[in-house]
Protein chains: 2
Amino acid sequence: MRGYGQFCSVAQALEVLGERWTLLVVRELIEGSSRFNELLRGVPLMSRTLLSQRLKTLESCGVVERRKGEGGAPEYHLTEAGRDLQPIVSSIGIWGQRWAHRELTRDDLDPTLLMWDMQRRLDVDALPERRTVVQFWFRDMPASKNRFWLRLDKPDVELCLHNPGRDVDLKVETKCRTMVDVWMGHRELRAALRAREITLDGPRRLQRAFADWLLLSYFAPAGRAQAEAGRLSGRA
Amino acid sequence: MRGYGQFCSVAQALEVLGERWTLLVVRELIEGSSRFNELLRGVPLMSRTLLSQRLKTLESCGVVERRKGEGGAPEYHLTEAGRDLQPIVSSIGIWGQRWAHRELTRDDLDPTLLMWDMQRRLDVDALPERRTVVQFWFRDMPASKNRFWLRLDKPDVELCLHNPGRDVDLKVETKCRTMVDVWMGHRELRAALRAREITLDGPRRLQRAFADWLLLSYFAPAGRAQAEAGRLSGRA
DNA sequence: CGGTATCCCCCGCGATACTG
DNA sequence: CAGTATCGCGGGGGATACCG
């Protein structure tokens, strides 16, 4: 992008970070994605061409390092400069929780993205000991993308878009909107379970464990604080 | 701008803040500008049309409030949501000091912008008691924009682009690049004075006071820390 | 899988002129 | 001073095909 023609360090930083998508790519890297297609799944509306460009720019700016991983597959990792962006991305997210929380439209409620996010935020230690398949069913989504499966095989987690062909151990049924609200910390998971807006079907043991291994978004604590403040001030 | 199609609060926030120029306008508001033309002076490469658009967007997002000031002149002020952006802008600037400090090109060294920034970061209490005119002369700039005058009339400060027609009390001669380095905290003001890369001409009293009332950029402390670290690690 | 190359369209933005 | 209206362009980025 053409720069800002300013010596101010905010402007200098924004010449690197300010372009469309860039900070979301950084967010994905912070969250632990490192392969090209992994990154792409985290920003599904971004074209591969554009992701490629942005990664190149970030590399030349010293924010990202491209290196060969195991098997020679390319991987992208944050440099020290990139890791230093973590508090910035984090505070932007917290600000967004508080002030940019517009009503989510249908377009924002992408269940695939939600599942992708969830899949990498599981408490592996709290997972069931045995191989387990959990099915999610989002009633408010078109049939083409309303069913997902998590194959939990400690410590591995795999997200499947089609039935993995094993018996399902636990079924989770809810609306995508509800699950997103919970994920973002705007609703309590246990409250939604009690209200039966999220229903579980399977052995009691797996039902009870569910709320333990399903971690929420990094921003859920801020969302909860926000919801709480709203309730106290009567805006809830 | 078209959004990101994500429920993530970072994406939501960036839909509001992520467009080109937006955070620089917020920076100007944080620094205390409130009139349309004041804001424009802080982002000289932005067109009035675009500034107008951005202000409207920020207003509709609840970051900026437009109201009538004294005399009915419109003023723009940050709302609480806008003020909450201060730590974000600040940490972006500090990151930029550390990691995005590319070599400044001629285009980045706008002396008018530098003077505009300086003029609103003076320690009014430390100013001389009497009305004083300080002239700046940047040897490395074309004649059309290498002289500026500050009219200091406690507690008022006025930046003049043409000789205000009073005798000059103190003359400051240097290069714009040097002054920017000092302003950003990459060089010590007193060191630059000692090295006679900034020279003063005028009464001893005014010369001595100069370094007291000339505050530096908010990011100068971070710049100094950075320069110090570089020196210690031998990269100075 | 992990990208590049190419074409093409659209809209973000600057320039200019005008208004209250 | 504080903007709005209008027009026209350039390049950012999407779509598609291709490659190692």
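Just so it is clear: chains get the letters A, B, ... in the order the sequence lines come, proteins before strands, and each one is counted from 1.
- Of the candidates D:dG3, C:dT4, D:dG14, D:dG14 carries the atom nearest the A:S47 side chain, counting heavy atoms from C-beta on.
- A:L40 places its CG atom 11 Å from the C1' atom of C:dG3, with the value rounded to the nearest Å.
- Closest contact between the side chain of B:T49 and the listed nucleotides D:dA2, C:dG2, C:dT16 involves C:dT16.
- If you check D:dG14, C:dC1, D:dA2 against the side chain of A:N37, the one that comes closest is C:dC1.
- Salt bridge status for B:D156 with B:R151: absent, with no side-chain N to carboxylate O gap under 4.0 Å.
- Taking the six-membered ring where the residue is Trp, the centroids of A:Y4 and B:W21 are separated by under 6.0 Å.
- In this structure, B:Q53 atom CD and D:dT6 atom P are separated by 14 Å, rounded to whole Å.
- Distance, B:K56 NZ to D:dG3 C1': 8 Å, rounded to whole Å.
- Heavy atoms of B:L45 sit under 4.0 angstrom from primed sugar atoms or phosphate atoms, though from no base atom.
- Look at B:R66 and you'll find a side-chain N or O under 4.0 angstrom from OP1 or OP2 of D:dG3.
- When distances are taken from the side chain of A:L50 to each of C:dG3, D:dG13, D:dT16, the shortest belongs to D:dG13.
- One can place CE of A:M46 at 14 Å from P of D:dG12, the figure rounded to the nearest angstrom.
- The B:Y76 side chain lies nearest to D:dG3 when the options are C:dG14, D:dG3, C:dG3.
- Here the P atom of nucleotide D:dA15 and the CG atom of A:L51 are 15 Å apart, to the nearest Å.
- Looking at the side chain of B:R20, the nearest of the listed nucleotides D:dA2, C:dC13, C:dG2 is C:dC13.
- Of the candidate nucleotides C:dG3, C:dT16, D:dG14, C:dG3 has the atom nearest to the side chain of A:S52.
- With sequence neighbours excluded, the residues that form a side chain to side chain donor-acceptor pair (under 3.5 Å) with A:T22 are A:R54.
- Within the structure, a side-chain polar atom (N or O) of A:R35 is placed less than 4.0 Å from OP1 or OP2 of C:dG2.
- Closest approach to the A:F36 side chain among C:dC1, C:dG3, D:dA15 is made by C:dG3 (side chain taken as heavy atoms from C-beta onward).
- Cation-pi contact between A:R66 and A:F36: absent, since separation from the ring centre below 6.0 Å together with deviation from the ring axis within 45° is not met.
- Going from atom CZ of A:R54 over to atom C1' of C:dG3 covers 17 Å, rounded to whole Å.
- Regarding B:R2, its CZ atom lies at a distance of 9 Å from the C1' atom of D:dG14, rounded to whole Å.
- With distances taken from any side-chain atom of A:W21 to the nucleotides D:dG14, C:dG3, D:dT4, the minimum falls on D:dG14.
- A heavy-atom distance below 4.5 Å is not found between the side chains of A:Y76 and A:E65.
- Atom CZ in A:R48 sits about 17 Å away from atom P in C:dT6, given to the nearest Å.
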